[in-house]
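For reference, the structure is listed below as structure tokens.
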Amino acid sequence: SRFPGLQSRLGEYPRKQVTTVAGRPGIGKSTFALNEIRFGAMKGFVQDVISLEMTEEQVRTKMAADEMGIDLFNLKTGDCSDEMLDEFEAMMNKQQELPIAIADWPMTIEDIVCRIRDRAEKVDRYIIDYIQSIRFCASDPRKEYDRVTYWSNEITAAIKETKANCLLISQLNRMVETDGRANMKARKPKLSDLRGSGSLEQDAYQVIFLYLDDKTEDEDMVDNVPVVVEVVKNRGGKTGAVPMIFHKSSQQFEETAAI
């Protein structure tokens, strides 16, 4: 892991296993995973991003902003110097040199499994962002629970046939945001809150939750957001929480003092 505190709990992202990363919308699940992806790529490990939500350009833009530590919003609005724009363009080109492949088109579970198996000898880590966005036929009679169960089982089985690990991003159940309280910040998620299927918990070797700390209000989620990154399941290591700051402007997570 890029983050020493998290590394001390995880031990590793083990090969042939799935790590589920879950949280509410806007908490930084994709950014967290991409921080890990870029770190691995810079170490020479081959990464494969199956992005069912963002385009390749959006993914690479996030990673370039992370590398440079610059305000992405200012870049988008042009509120920066020509020199900074030139540096960012050069960084975007540099991203192309990293061993990161990105698939940004709609995929069915069959497409995803086929890609995993076709690239099994080349890839060290897959990221699937996110499981609930997998494409399915509108006439599919199965309920979400059954679909997500099947998808989770298929992804887990496919990863076991490779030398890679997988970061599988997931949403949480919508009721997590209320649960009888004003907002999600007042409630720590549980494994049963993984959206769609209990298989997401059962199939995963590790489960990581991202959630707001107790002092952060929803309206404070503008930039430099205190986020708890907690390992809630780990078959081969420790569990526990690691406090971090989510720098939304530069698409970076940063560890803070231990809880």
_Would a single hydrophobic cluster contain both I245 and L212, if residues Ile, Leu, Val, Met, Phe, Trp and Tyr are joined by side-chain heavy-atom contacts under 4.5 Å?_
no

*Decide yes or no on side chain to side chain contact (heavy atoms under 4.5 Å, CB included) for V148 and W151, but give the supporting numbers first.*
CA-CA 5 Å; V148 174; W151 294 341; 4.2 Å; yes

*Please check if the side chain of N35 supplies one atom and the backbone of Q251 the other of a donor-acceptor pair under 3.5 Å.*
yes

*Determine yes or no for a side-chain-to-main-chain donor-acceptor pair under 3.5 angstrom, with D111 supplying the side chain and T108 the backbone.*
yes

*Is there a path from M54 to V49 through hydrophobic residues (I, L, V, M, F, W, Y) whose side chains come within less than 4.5 Å of each other?*
yes

*Between atom NZ of K160 and atom OH of Y205, what is the distance when rounded to the nearest 0.5 Å?*
9.5 Å

*Would you say the side chain of L167 lies within less than 4.5 Å of the side chain of R125, judging by non-hydrogen atoms?*
yes

_Does F45, at its CZ atom, have more than 12 non-hydrogen atoms belonging to other residues, nucleotides or ligands within less than 6.0 Å?_
no

*asked:* Donor-acceptor pair, distance only, cut-off 3.5 Å: does the side chain of E56 make one with the backbone of A103?
replied: no

*Which atom pair, heavy atoms only, marks the closest approach of M244 to F32?*
CE-CE1, 4.4 Å

*Should I128 and C166 be marked as a side chain to side chain contact (heavy atoms under 4.5 Å, CB included) after you check the CA-CA gap, both sets of side-chain angles, and the distance that decides it?*
CA-CA 8 Å; I128 301 173; C166 176; 4.0 Å; yes

*Do other residues, nucleotides or ligands put more than 12 heavy atoms under 6.0 Å from the CG atom of D82?*
no

*Hey, any chance V46 and Y126 share a hydrophobic cluster, counting ILVMFWY side chains that come within less than 4.5 Å of each other, even indirectly?*
yes

*asked:* With salt bridge (Lys or Arg N to Asp or Glu O under 4.0 Å) as the criterion, how do D66 and R2 come out once you've worked through the C-alpha distance, each side chain's angles and the decisive distance to 0.1 Å?
replied: CA-CA 13 Å; D66 172 28; R2 165 174 170 164; 2.7 Å; yes

*Over 12 non-hydrogen atoms of neighbours within 6.0 angstrom of NZ in K122*: no

*Between N165 and R15, do the side chains contain an N or O donor and an N or O acceptor separated by less than 3.5 Å?*
no

*Which atom pair, heavy atoms only, marks the closest approach of K233 to Q202?*
NZ-O, 3.6 Å

_Heavy-atom side-chain proximity of V242 to V228 below 4.5 angstrom_ = no

*Just wondering, do Q132 and E144 contact through their side chains at under 4.5 Å, heavy atoms?*
yes

_Minimum heavy-atom separation for V231 and T239, please, with both atom names._
O-CB, 3.1 Å

*Between F136 and Y150, is the ring centre distance below 6.0 Å?*
no

*Go through V229 and L6 one step at a time and tell me if the side chain to side chain contact (heavy atoms under 4.5 Å, CB included) criterion holds.*
CA-CA 8 Å; V229 178; L6 186 60; 4.3 Å; yes

*Within 6.0 Å of CD in E89, more than 12 heavy atoms from elsewhere*: no

*Just checking, any donor-acceptor pair under 3.5 angstrom between side chains of S133 and E53?*
no

*Could you give the distance from CZ (R60) to CD (Q95), rounded to the nearest 0.5 Å?*
7.0 Å

*Would a distance-only check, ignoring hydrogens and angles, find a side-chain to backbone donor-acceptor pair under 3.5 Å from Q47 to F39?*
no

_Beyond-backbone contact of M107 with R115, side-chain heavy atoms, under 4.5 angstrom_ = yes

_Flag side-chain contact, heavy atom, 4.5 Å: P243 against E255_ = no

*What is the distance from atom NZ of K188 to atom CZ of F209, rounded to the nearest 0.5 Å?*
9.5 Å

*Give, for atom CG of L210 and atom CD of E230, the distance between the pair rounded to the nearest 0.5 Å.*
10.5 Å

*Any idea which heavy atoms bring A120 and T162 closest together, and the distance?*
CB-CG2, 3.7 Å

*Quick one: pull up CD1 in I131 and OG1 in T20 and give me the separation to the nearest 0.5 Å.*
7.5 Å

_Spacing of I37 atom CD1 and I102 atom CD1 [to the nearest 0.5 Å]_ = 9.5 Å

*Would you name the heavy atoms of M92 and E57 that are closest together and state the gap between them?*
CE-O, 4.2 Å

*Given K16 and E161, is the salt bridge (Lys or Arg N to Asp or Glu O under 4.0 Å) satisfied, shown in steps?*
CA-CA 7 Å; K16 299 179 177 289; E161 298 174 11; over 6 Å; no

*Short side-chain donor-acceptor distance under 3.5 Å, D146 and T149*: no

*asked:* Can you see whether T19 engages Q206 through a side-chain donor-acceptor pair at a distance of less than 3.5 angstrom?
replied: yes

*Polar side chain donor-acceptor pair, E36 to Y13, under 3.5 angstrom*: yes

*Tell me yes or no: between the side chains of T55 and D104, is some donor less than 3.5 Å from an acceptor?*
no

*Considering all heavy atoms, the nearest N153-S199 contact*: ND2-OG, 3.8 Å

*Given side chains that start at C-beta, do those of S170 and L200 come closer than 4.5 Å, heavy atoms only?*
yes

*Backbone N or O of E87 within a donor-acceptor pair of the E83 side chain at under 3.5 Å?*
no

*Heavy atoms, side chains only, cut-off 4.5 Å: are L191 and V207 in contact?*
yes

*Got V227 and F253 here, is their nearest side-chain heavy-atom distance under 4.5 Å?*
yes

*Counting only heavy atoms not in E121, do more than 12 fall under 6.0 Å of its CD?*
no

*In sequence, state the C-alpha distance, the side-chain angles, and the governing distance for R24 and Y211, and then conclude on side chain to side chain contact (heavy atoms under 4.5 Å, CB included).*
CA-CA 7 Å; R24 66 180 291 188; Y211 56 93; over 6 Å; no

_Under a 3.5 Å threshold, yes or no: a donor from one side chain and an acceptor from the other, between D129 and S30?_
yes

